[in-house]
Number of protein chains: 2
Amino acid sequence: MSLGNIDVTGDPRTAAERPVCTVLEALNRISGKWAIGILLNVSHGPARFTELERAVPGISRRMLTLTLRNLERDGLIARRVYATVPPKVEYRATDMAVELYGSLTALTQWADRHREAIAGSREAYDREHGLPAGAVD
Amino acid sequence: MSLGNIDVTGDPRTAAERPVCTVLEALNRISGKWAIGILLNVSHGPARFTELERAVPGISRRMLTLTLRNLERDGLIARRVYATVPPKVEYRATDMAVELYGSLTALTQWADRHREAIAGSREAYDREHGLPAGAVD
DNA sequence: CAGAATCCTTGGAGATACTG
DNA sequence: CAGTATCTCCAAGGATTCTG
């Protein structure tokens, strides 16, 4: 299936196949409700577990742990344990994560530019079609 | 890229508060398993329902419909019905969606650059810690 | 052709309690 | 302090069937 082509990297695969996976790969690392919030917080500098728990409003201890583990596994966060008592664990963003955050800038700007248009589109849509309880967010 | 502060828009809010929401807003519009694949396909030009069904491998009719509706509601996809028989419906990406796709380029490139590093990090992580069936993807 | 309706499964996430 | 361990819930998604 080759309708047109969108080649941004000089990759031989067709546009219908390549970027999907690649973009999805990227998105999968920052998917979930909390990854971005955590990533953003540690990008300021190292942060401890409890610091993050307070810095990311609404996160549960469990999800903080799980998300940190996944980010660590992907190499986006580095975990450093100090063998003190009481224990002290610091999390920091890796260079890769800092780069990632930079790459999100374009997305952030896009959202900023179109926030109103999107809100308007939704209102219009919900007005035409009824809003049958499918209108979350 | 300087840690400490990440100000890309001149927004007064602190980095810990503002971009989270904005980025999440953007991500929420393209979340879900299928939005990107659909968006990418219609970005080549208008596509019909059944075309998309075949173009996006693995998608169910139900999820295609649902995702299309959500994208339409957000103003990322335009739906055009031709009153013919049999019916014909065309979907095309709006300008906003095309812009969005452009903004994803940075992300795509990031994923390309770090694909190996991430895979390596995962292997290493799974080797040190056991891989307790939590190692999907 | 382009869907709508229905039923069912799954895993992401919340709440709570316990621990090295 | 920095986690684990369970239990539970819900919405995303899959499978199947029906229709203008």
Side-chain angles (χ1 to χ4, degrees), chain A residues 24 27-38 41-42 46-74 77-92 125 128-137, chain B residues 24 27-38 41-42 46-74 77-92 128-130 132-137:
Chain A
L24 283 181
L27 290 178
N28 283 339
R29 333 242 152 276
I30 54 177
S31 68
K33 210 171 168 182
W34 307 108
I36 298 269
I38 292 176
N41 268 282
V42 297
R48 305 180 55 173
F49 190 88
T50 311
E51 280 182 301
L52 288 174
E53 201 176 353
R54 277 171 304 158
V56 182
I59 197 171
S60 68
R61 203 160 276 175
R62 172 184 141 84
M63 288 316 295
L64 179 54
T65 303
L66 285 179
T67 308
L68 282 172
R69 291 293 173 275
N70 276 323
L71 292 173
E72 190 194 354
R73 189 169 106 100
D74 286 349
I77 274 193
R79 179 172 181 270
R80 177 151 197 192
V81 184
Y82 296 86
T84 60
V85 48
K88 170 177 176 180
V89 181
E90 269 185 2
Y91 295 93
R92 65 171 188 81
Y125 185 95
E128 294 181 43
H129 321 66
L131 58 172
V136 207
D137 191 8
Chain B
L24 284 181
L27 290 178
N28 283 339
R29 333 242 152 276
I30 54 177
S31 68
K33 211 171 167 181
W34 307 108
I36 298 268
I38 293 176
N41 269 282
V42 296
R48 303 181 56 175
F49 190 88
T50 311
E51 279 183 300
L52 288 174
E53 200 176 355
R54 280 170 302 159
V56 182
I59 197 171
S60 68
R61 203 159 274 177
R62 172 183 139 87
M63 287 316 293
L64 178 54
T65 304
L66 284 180
T67 309
L68 282 172
R69 291 293 173 275
N70 276 323
L71 291 173
E72 190 194 352
R73 188 168 106 101
D74 285 348
I77 275 193
R79 179 171 180 268
R80 175 152 198 190
V81 185
Y82 296 85
T84 60
V85 49
K88 171 178 175 179
V89 180
E90 269 185 2
Y91 294 92
R92 65 171 189 79
E128 293 181 44
H129 321 65
V136 207
D137 188 8

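Order of the sequence lines fixes the chain letters, A, B, ..., with proteins taken first and strands second; residue numbering starts at 1 for each chain. In this text the structure is predicted, and so the values were computed from the model without any measurement.
Under the side chain to side chain contact (heavy atoms under 4.5 Å, CB included) criterion, B:Lys88 pairs with B:Arg48, B:Tyr82, B:Thr84, B:Glu90, not counting sequence neighbours. Residues meeting the side-chain hydrogen bond (donor to acceptor under 3.5 Å, both in side chains) test with B:Arg92, sequence neighbours left out: none. Applying the side chain to side chain contact (heavy atoms under 4.5 Å, CB included) rule to B:Val81 yields the partners B:Arg79, B:Val89; only residues at least two apart in sequence or on another chain are considered. A:Tyr91 is linked by a ring-ring contact (aromatic ring centres under 6.0 Å, His included) to nothing, counting only residues two or more places apart in sequence or in another chain.
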ask   = Base, backbone or nothing for each nucleotide of nucleotides 14-20 of chain C, written B, S, -, heavy atoms under 4.0 angstrom, 5' to 3'?
value = BB----B
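Heavy-atom nearest nucleotides on DNA chain C were determined for A:Thr67 and for B:Phe49, and the one closer to the 5' end corresponds to B:Phe49.
As rounded to whole Å, 14 Å separates atom C1' of C:dA5 from atom CZ of B:Arg69. A:Lys88 has its NZ atom 13 Å from the P atom of D:dG3, to the nearest Å. One interatomic measurement links the two molecules: CD of B:Glu53 to C1' of C:dC1, which rounds to 10 Å at whole-angstrom precision. We find that CG of A:Leu68 is positioned 10 Å from P of D:dT4, with the value rounded to whole Å. Atom CZ of B:Arg48 and atom C1' of C:dA2 are 9 Å apart (whole Å). To the nearest angstrom, P of D:dG14 lies 12 Å from CG of B:Leu64. Between the CG atom of A:Leu66 and the P atom of C:dA13 there is a distance of 9 Å, rounded to whole Å.
Residue B:Thr65 is classed as a sugar-phosphate contact, given heavy-atom separations below 4.0 Å to backbone atoms only.
An end-to-end axis angle of 50° holds for the helix from C:dC1-D:dG20 to C:dG20-D:dC1, taken from five base pairs per end and rounded to 10°.
Applying the salt bridge (charged side-chain N to carboxylate O under 4.0 Å, His left out) test to every pair with at least one member in residues 49-67 of chain A, sequence neighbours left out, gives these pairs: A:Glu53-A:Arg61.
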